[in-house]
Amino acid sequence: MQLAQRVAHMTGDGPDGWEILFRAREMIAAGEAVLNLTIGEPDIKTAPEILEAMHQSAMAGATGYSGIQGIEPLRAEIAARVTARTGVPTSPAQVIVTPGGQAGLYAAHQVLLDAGQTGLCIDPHYPTYPGTIRAAGGLVRAVPAAAEAGFQPDPAALARAARESGARTLLINSPNNPTGALYSRETLEAIAEVCIAQDLWLISDEVYDTQVWEGTHISPRALPGMAERTVVLGSLSKSHAMTGSRIGWIVAPEPVIAALHALNINTTYGLPGFIQEAALFALRQGPAFEAQVAEPFHRRRDLACRVLANNPALRVSSASGAMYVMADIRATGMSGEAFARKLLAEEKIALMPGESFGASSAGHLRIALTLADDQLEIALTRLADFARRQLG
Ligand code: PLP
């Protein structure tokens with residue numbers, strides 16, 4: 001029996017970039033003490049009061065079909081949050097609730113990109129981005145953002161790529177995974193200009209919007225002329241440590257929401273009511289709660305910058321936001337992959353090679369700040385010593 005080709009086409013047949021993570025998991029399962037800095041998941045658990053809200057909601061009967069677009073109070077809360085944070089008046093009709101940011105990325109491309117059309121993204125990128133574009137039958141064109149430019153996208157290169165390919169969509173992510181870069185106002189204004197000139201939909205992945213250490217997060221939807229062509233993805237995974245609840249949202253113009261609604265009828269058929277009510281409770285805790293969830297990553301970012309400073313083998317190249325630090329190890333002459341493999345074998349420290357995220361972060365390492373501070377300090381100190389030894 002043969003399978004359809006769709007999924008194989010989506011994933012491609014090369015390595016998927018997660019090899020170090022899988023190897024680390026095998027070592028952990030075999031009882032080895034691996035310090036794991038690979039995974040972008042908050043190490044704290046969902047707060048008990050959010051779980052209590054979830055429990056109470058389920059016990060009160062929110063266990064049936066809950067509607068396709070998401071419950072109205074949650075959409076109203078999301079709309080109010082987006083309005084307050086961006087200054088763009090947003091109504092519940094412009095919001096649809098999704099089972100996490102990843103499902104939002106998938107759904108957005110399904111409704112904005114036709115088969116054979118080009119979807120642009122930035123290299124380096126979150127590893128699922130190309131597959132998500134291919135899942136819609138789209139052709140992927142990843143436009144480099146150079147380490148030397150702090151991983152800020154190059155608007156001229158974006159305009160050229162859009163023109164040459166006749167692209168329909170552009171997917172960006174700030175604060176950025178894997179680089180920790182926060183796109184500046186100047187970068188975002190130039191991106192907006194390209195989108196307007198080339199008639200692109202902008203898909204703005206803002207799942208790290210509560211994790212900003214330097215500068216200000218700007219949603220490109222707030223820039224002039226952009227609300228009608230921007231689709232924003234949000235998620236409670238990182239902001240509220242709710243990865244397992246699988247809950248996020250899309251904010252978009254109403255015709256896009258109508259298409260997403262039609263897609264949901266044929267896919268998710270909506271989300272569990274008790275998860276949505278827990279998300280509503282979580283969002284109602286307000287910015288102070290979000291700051292509390294984000295704080296350990298800020299502290300650990302400072303810790304990483306301190307421990308990795310003044311090292312001739314390794315340089316922290318960007319870390320303005322999100323729960324990652326990117327380190328440039330090109331001085332060692334090694335690829336990120338070779339370095340990460342050797343580090344795991346010799347020091348039992350797992351982190352992601354930059355190559356997992358695209359060619360522009362080759363020769364780099366992505367360090368996820370998801371270990372407790374004392375463990376993180378041990379891992380980073382050993383990493384710094386190991387890097388020095390690679391200089392010979
Ligand atoms: N977008 C980016 C940039 C991410 O890093 C992640 C998860 O790590 C996601 C989207 C998906 O997150 P979730 O589906 O848990 O909301």
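Atoms considered below: every heavy atom in the structure, side chains included; atoms not considered: hydrogens, waters and symmetry mates. Keep in mind the model is a prediction, meaning the values are calculated, not measured. First listed ligand is number 1; within each ligand, the first listed atom is number 1.
- Ligand 1 places these atoms under 4.0 Å from at least one heavy atom of K238: 7 (C), 8 (O).
- In this structure, of Y324, W249, Y208, Y126, the residue bringing a heavy atom nearest to atom 9 (C) of ligand 1 is Y126.
- Scanning the protein heavy atoms around atom 1 (N) of ligand 1, the nearest turns out to be D205 OD2, 2.6 Å.
- Considering all non-hydrogen atoms of both residues, R330 and D328 come closest at NH2-OD2, 2.8 Å.
- Aromatic pair Y269/Y65: ring centres closer than 6.0 Å.
- Set against the non-hydrogen atoms of G100, the atoms of ligand 1 under 4.0 Å away are 14 (O), 16 (O).
- The closest approach between any non-hydrogen atom of T243 and ligand 1 is not below 4.0 Å.
- Residue N173 has at least one heavy-atom neighbour below 4.0 Å for each of these atoms of ligand 1: 3 (C).
- No side-chain N or O of T216 forms a donor-acceptor pair with one of R185 less than 3.5 Å apart.
- Electrostatic pairing of R23 and E19 does not count as a salt bridge here, judged by no charged N lying under 4.0 Å from a carboxylate O.
- Every N/O-N/O distance between Y129 and ligand 1 stays at or above 3.5 Å.
- In this structure, atom 11 (C) of ligand 1 lies nearest to the protein heavy atom Q102 N, 3.7 Å.
- Counting heavy atoms under 4.0 Å from ligand 1, residue R246 touches it through the side chain alone.
- Ring centers of H364 and F151: under 6.0 Å apart, within the cut-off.
- Each of the atoms 13 (P), 15 (O), 16 (O) of ligand 1 lies under 4.0 Å from some heavy atom of S237.
- For the pair D385 and R388, the salt-bridge criterion is met [side-chain N within less than 4.0 Å of a carboxylate O].
- The aromatic ring centres of Y208 and Y324 sit less than 6.0 Å apart.
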